[in-house]
Amino acid sequence: MVTLIFLGKLADLAGEDTREVAAPLDWDGLLALCDTPLADEISGERVKIALDGDVLADKTTLAALAGSEVALLPPVSGG
Amino acid sequence: MVTLIFLGKLADLAGEDTREVAAPLDWDGLLALCDTPLADEISGERVKIALDGDVLADKTTLAALAGSEVALLPPVSGG
Amino acid sequence: MAISVQLLDTPFNPGALVGPFTNAHPGLGGVCTFVGEVRGGNGVEALELTHYELMTRPGMKKLASLAAQRFGLMGLLMVHRTGVMHPGEPIVLVSACAQHRRGAIDAVDFCMDHLKARSWFWKREKRSGAGPNGGWHWIEPRADDHTDLARWQ
Amino acid sequence: MAISVQLLDTPFNPGALVGPFTNAHPGLGGVCTFVGEVRGGNGVEALELTHYELMTRPGMKKLASLAAQRFGLMGLLMVHRTGVMHPGEPIVLVSACAQHRRGAIDAVDFCMDHLKARSWFWKREKRSGAGPNGGWHWIEPRADDHTDLARWQ
């Protein structure tokens with residue numbers, strides 16, 4: 001399994017903080033798992049993706065294997 | 001009388017912190033009251049003079065009347 | 001050089017942390033401390049900070065090391081709250097000690113700018129009232145935070 | 001807006017001043033505090049700060065008002081020691097609170113630069129040892145202090 005972590009307002013959109021999904025998981029697979037508003041948000045340039053704690057330079061190259069954690073990171077809130 | 005106040009290292013040179021001198025007191029009168037090393041130091045551009053708490057823009061215009069306080073201010077020490 | 005990074009989910013007392021931190025660095029020339037608190041006003045009743053443990057703590061440690069090195073610090077203390085807070089409660093504390101004031105003050109400034117614009121925290125506030133103005137709202141990033149950050153590049 | 005300026009000839013505890021100062025300003029966004037201490041090392045045994053009462057206190061008050069206005073502060077606390085101090089003792093404390101961090105941090109930076117380069121304090125230190133290296137020595141101004149000051153003009 002791969003663990004998805006939804007941070008900030010993405011958790012509201014997803015309706016949950018985490019979700020376990022089947023491994024392996026790539027970018028198209030991730031979008032296919034999300035309903036339209038969430039997929040649109042994740043596709044936006046302000047959302048970053050981290051694989052096991054490292055931000056991907058290009059999130060469309062996502063390739064998560066079993067046991068890994070994929071975090072969906074909206075812009076941080078600042079002051 | 002006029003009160004002279006020697007601050008910082010000028011107090012060491014003067015051998016005292018304050019001195020009461022006859023009023024009125026002008027720039028030449030002040031220099032005449034001081035021995036050579038002290039007069040040289042006071043004449044230097046880094047020493048400022050305050051009359052009753054106000055720094056004189058041009059210390060050679062000093063004109064202190066009876067009851068006033070003349071402070072001799074070497075450069076402040078900083079950090 | 002002692003670096004301490006703390007993520008806390010309960011209230012903290014800045015004075016109780018800064019005193020021992022200062023005393024632990026004999027020979028210092030200056031200590032600069034910034035404490036940010038939850039602002040009241042505008043009907044704000046509470047603030048919630050969420051974070052991503054796997055990235056937040058390593059990110060803060062990296063920032064602290066970077067600042068300690070860049071500003072030649074003797075010590076750096078960085079504390080951040082998470083969870084639900086109320087107006088007046090401290091959210092963040094950065095305290096830096098150094099031989100000279102410039103390093104201590106600049107380090108605090110640098111750390112705060114980076115914590116605000118670069119750290120993995122998400123903030124929402126609960127506002128009083130009914131309707132769309134009341135309840136919980138996510139806080140969007142401010143342009144100022146990125147301008148502040150650019151000063152260090 | 002509360003401004004407090006204190007000239008003290010006995011030791012003070014920064015934490016005991018900053019806690020009540022912070023609590024006196026509910027609704028603040030941030031508090032920045034700098035504390036300068038007598039540095040040890042280089043055989044320094046003591047530091048003596050003399051001042052000129054007639055000018056020092058009014059000068060500090062003027063500086064405090066200027067900073068409060070320039071940086072939109074909610075409160076400013078400025079404390080300076082005079083007399084003989086030993087390594088580790090606080091010499092100066094500036095604490096500023098404001099709605100936003102930028103004002104609080106910049107105000108502390110501004111006040112420290114001006115206190116160092118523009119205030120009516122004279123400093124001498126007592127160094128250990130015999131001969132011309134030991135005993136009391138007046139501290140001359142540092143070029144850095146004037147460079148720091150120029151940033152605000």
Side-chain angles (χ1 to χ4, degrees), chain C residues 13-42 44 47 74 86-113 115-117 142 144-145 147-148 151, chain D residues 13-42 44 47 74 86-113 115-117 142 144-145 147-148 151:
Chain C
N13 176 353
L17 297 174
V18 173
F21 169 71
T22 302
N23 293 336
H25 296 91
L28 63 83
V31 194
C32 186
T33 304
F34 178 82
V35 177
E37 297 189 355
V38 181
R39 261 193 298 279
N42 298 321
V44 174
L47 185 77
M74 296 173 70
H86 298 93
E89 278 184 52
I91 308 174
V92 58
L93 178 155
V94 175
S95 192
C97 58
Q99 284 220 297
H100 299 282
R101 74 180 185 287
R102 176 82 13 246
I105 295 173
D106 286 351
V108 167
D109 205 7
F110 176 88
C111 288
M112 283 306 306
D113 282 351
L115 282 171
K116 291 285 187 179
R142 305 185 319 166
D144 276 6
D145 292 319
T147 313
D148 284 346
R151 298 185 301 147
Chain D
N13 176 353
L17 297 174
V18 173
F21 169 71
T22 303
N23 293 336
H25 295 91
L28 62 82
V31 193
C32 186
T33 304
F34 178 81
V35 177
E37 297 190 355
V38 181
R39 262 193 298 279
N42 298 321
V44 173
L47 185 76
M74 297 173 69
H86 298 93
E89 276 184 53
I91 308 173
V92 59
L93 178 154
V94 175
S95 192
C97 57
Q99 283 219 298
H100 298 282
R101 74 180 185 286
R102 176 79 18 244
I105 295 173
D106 286 352
V108 167
D109 205 6
F110 176 88
C111 288
M112 284 306 306
D113 282 352
L115 282 170
K116 291 285 187 180
R142 304 186 318 165
D144 276 5
D145 291 318
T147 313
D148 284 346
R151 299 184 302 145

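Residue numbers start from 1 in every chain, and the chains themselves are labelled A, B, ... in the order their sequence lines are given, proteins ahead of strands. If you're wondering where the values come from, they're calculated on a predicted model, not measured in any experiment.
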What donor-acceptor contacts under 3.5 angstrom involve side-chain atoms of residues 103-111 of chain C, with partners at least two apart or in another chain?
{"residue": "C:Asp106", "atom": "OD1", "partner": "C:Arg102", "partner atom": "NH1", "Å": "3.3"}
{"residue": "C:Asp109", "atom": "OD1", "partner": "C:Arg151", "partner atom": "NH2", "Å": "3.2"}
{"residue": "C:Asp109", "atom": "OD1", "partner": "D:Arg102", "partner atom": "NH1", "Å": "3.1"}
{"residue": "C:Asp109", "atom": "OD1", "partner": "D:Arg102", "partner atom": "NH2", "Å": "3.1"}
{"residue": "C:Asp109", "atom": "OD2", "partner": "C:Arg151", "partner atom": "NH2", "Å": "3.3"}

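With rounding to the nearest 0.5 Å, the separation of NZ in D:Lys116 from CZ in C:Arg101 is 5.5 Å.
Using non-hydrogen atoms only and a strict 4.5 Å limit, the part of residues 18-31 of chain C facing chain D consists of C:Thr22, C:Gly27, C:Leu28, C:Gly29, C:Gly30, C:Val31. Within residues 86-97 of chain D, no residue has any heavy atom under 4.5 Å from a heavy atom of chain C.
Residue C:Asp148 touches chain D through its side chain alone, counting heavy-atom pairs closer than 4.5 Å.
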